Amino acid sequence: MARNITPRSENYSQWYLDVIKAAELADYAPVRGCMVIRPTGYSIWENIQAKLDLEFKKTGHVNAYFPLLIPNSFLQKEAEHVEGFAPECAMVTHAGGEELEEPFAVRPTSETVIGHMYSKWIQSWRDLPVLINQWCNVMRWEKRPRLFLRTSEFLWQEGHTAHATEAEAREETLKMLNVYRKVFENELALPVIAGEKTAGERFPGAVDTYTCEAMMSDTKALQAGTSHFLGQNFAKAFEIQFQNKSGELEYCYTTSWGVSTRSIGAVIMTHSDDDGLILPPRIAPVKVVILPISRDENTAENILLPKAKELAEKLNAALGGLCVKVDTEFHMRPGDRFFSHIQKGVPLRLELGEKDLQAGTVRFVRRDTGEKFDVNNANVIPEVTKTLDDIQANLFTRAKNFRDANTHDAETYDEFKQIISEKGGFVRAYFAGTPDDEVRIREETGATPRCIPESDAGKTGKCFLTGNNNARLTIFAKAY
RNA sequence: CGGGGCGUAGCGCAGUCUGGUUUAGCGCACCUGCUUUGGGAGCAGGGGGUCGAAGGUUCGAAUCCUUUCGCCCCGACCA
């Protein structure tokens, strides 16, 4: 048992903060709502970035950078967009020692500036599609910040594309939604439900919003990534027009999609336990740590350490990276050394001691299950690869089983209320309500519609609230 | 923005009601040494704070008064 981490069952939010602190992922910044992402946390982000970026490139996107400051007038151009973002915008009113004529918003998202630029760049159908992504920071003034989940400034990626036809833009929106789903499932080991947002949960200015929803280990939902079909809303506000093959002027159809550092919060809350962080091998900064252990300093440093280093080199070569570390903290006792890696979520620990040396084996200890076993020297490398794959798969399966076990069906509002208040988790129900109905449900139960799962897109039934037919199967939950 | 709480060492706290006997204390962490060492050791020694800030009352203030700044929790709000 970790002594510096509040048990999850005792106080979930405190547990979450303790895990972050113990793993040295982040710290509070001097400005309220802002956080410092420490090297370990940032390294996880770099890994997530690398996985996403590769997928973006594979689907034909390129990276660019747009400015941090956005003229306030830009945000005003799309009616719903202003309304949605005005309250959380930070404004720069002074610069160069003078008050500015027009305040600049610190970007809360870049649809507007990018729309403005696209209108200049796009003239002809030959210029389309435009498929650009940017990695950057954004600012949304939050009244109730939480590390990684909701901070005033955060890092993300925002893709912005422009297309000639609605069909193509819709295809892009769903394509990127599925890129997200794939990366979440395969790399972050997060089982997510990909689907459409209901009207009340839509992005301000979007025609349709899609999301990947994950369940945290307290059974609350977390939106891990979103993809928006913006129709011609922004194209009209920013005059993004092109001449089609017949010479007529048409408005483009645009999309935008994003994943932020919030996804790190999702990883933490999905996989970790009372001992601290647990990371899926594929995004872990350190996948394997090797600990030479001996009570005799000479043996430890002159016999075991060289062996450990040699093994680390081979493993790094085999795993293709710098993800294997040798622990040389000989001044610490073994227990302390174990815990430091346990709390940082290192997936696999290899212990190399005198007993192992004599037996010609290496001791393996899995972070996810705590399981220990000895492996013959000759088999260490393939066994490491196999174990890491097992851990990755186990984390995903474990999370998926948990989610499925905490997903329930409701046919009536009474049943719905009872499940939300007594069991929590996800509730699947047919829903055909309006945004006002969504507000009512939220006020009465605390739950909100999370998404209409893509996998059940064709299913319709009778609405649990209004009784209307042709309601769509919708997932509800309390959410972060 | 409404309700509640809190600012004393890196972290967590006691001391504040009943000003002076505290050169401001404790636990963890940190430093040194010895013994330990395969899931968080023990002993000994040691460094570090001027008590969020400003002003006031007093012979004397971490303790009382005024102002101010900041943070946390609950609520409202929120991609």
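By convention in this document, chain letters (A, B, ...) are assigned in the order of the sequence lines, proteins followed by strands, and residues within each chain are numbered from 1. Keep in mind that the numbers below use all heavy atoms, side chains included, and drop hydrogens, waters and symmetry copies. From a predicted model like this one, the values you see are computed outputs, not experimental measurements.
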Considering only NZ, NE, NH1 and NH2 on the basic side and carboxylate oxygens on the acidic side, decide whether [X] and [Y] come within less than 4.0 Å.
X: A/Lys386; Y: A/Asp390; result: yes
X: A/Glu201; Y: A/Arg450; result: yes
X: A/Glu310; Y: A/Lys314; result: yes

For [N] and [M], measure between their [atom1] atoms and round to the nearest Å.
N: B/G48; M: B/G56; atom1: C1'; result: 32 Å
N: B/G25; M: B/G2; atom1: C1'; result: 39 Å
N: B/C77; M: B/A61; atom1: P; result: 49 Å
N: B/G52; M: B/G12; atom1: P; result: 14 Å
N: B/U68; M: B/A76; atom1: C1'; result: 27 Å
N: B/U23; M: B/A62; atom1: P; result: 12 Å
N: B/C11; M: B/A29; atom1: P; result: 16 Å
N: B/G27; M: B/G15; atom1: C1'; result: 15 Å

May I ask which nucleotide in the shown strands pairs with [N], Watson-Crick or G-U wobble, both distances under 3.5 Å?
N: B/U18; result: none
N: B/G47; result: none
N: B/U58; result: none
N: B/A41; result: B/U35
N: B/A9; result: none
N: B/G2; result: B/C74

Looking for any heavy atom pair under 4.0 Å, which part of the strands does [X] touch: base, sugar-phosphate only, or nothing?
X: A/Thr211; result: nothing
X: A/Ile342; result: base
X: A/Pro87; result: nothing
X: A/Gln14; result: nothing
X: A/Arg202; result: nothing

Round to a whole Å and report the spacing from [atom1] of [X] to [atom2] of [N].
X: A/Glu301; N: B/U37; atom1: CD; atom2: C1'; answer: 14 Å
X: A/Asp273; N: B/G39; atom1: CG; atom2: C1'; answer: 13 Å
X: A/Leu17; N: B/C11; atom1: CG; atom2: P; answer: 16 Å
X: A/Phe339; N: B/U37; atom1: CZ; atom2: P; answer: 19 Å
X: A/Glu443; N: B/C77; atom1: CD; atom2: C1'; answer: 12 Å
X: A/Phe338; N: B/U37; atom1: CZ; atom2: C1'; answer: 10 Å
X: A/Leu291; N: B/U37; atom1: CG; atom2: C1'; answer: 13 Å
X: A/Leu149; N: B/A79; atom1: CG; atom2: P; answer: 16 Å

* Identify, residue by residue, the members of residues 349-381 of chain A with a heavy atom below 4.0 Å from RNA chain B, and return them in order of residue number, or none. => A/Arg349, A/Glu351, A/Gly353, A/Glu354, A/Lys355, A/Asp356, A/Arg363, A/Lys372
Let's see if you can work this out: which of [options] has an atom nearest to the side-chain heavy atoms of [X]?
X: A/Arg140; options: B/C77, B/U37, B/A79; answer: B/A79
X: A/Asp275; options: B/U37, B/C78, B/G39; answer: B/G39
X: A/Gln343; options: B/C78, B/G40, B/U37; answer: B/G40

Would you check if [X] and [Y] make a side-chain contact, meaning some heavy-atom pair closer than 4.5 Å?
X: A/Ile5; Y: A/Asp274; result: no
X: A/Val19; Y: A/Tyr16; result: no
X: A/Met117; Y: A/Phe238; result: no

* Applying the ring pair (Phe, Tyr, Trp, His ring centres under 6.0 Å) test to A/Trp257, which of A/Phe56, A/Phe229, A/Trp156, A/Phe203 qualifies? -> A/Phe56
* Asked: Considering heavy-atom distances to RNA chain B, does A/Thr226 or A/Met332 have its closest nucleotide positioned more toward the 5' end?
  -> A/Met332
* **A/Arg333 side-chain N/O to B/U37 phosphate OP1/OP2 under 4.0 Å** => no
* Asked: Does A/Arg403 make a cation-pi contact with A/Phe426, if we ask for NZ or CZ under 6.0 Å from the ring centre and within 45° of the axis?
  -> no
* To do: Check ring-ring contact (aromatic ring centres under 6.0 Å, His included) between A/His341 and all other residues, then give those that pass, not counting sequence neighbours.
  => none
* To do: Search all heavy atoms of A/Thr109 against all heavy atoms of A/Ile70 and return the closest pair with its distance.
  => O-CD1, 3.6 Å
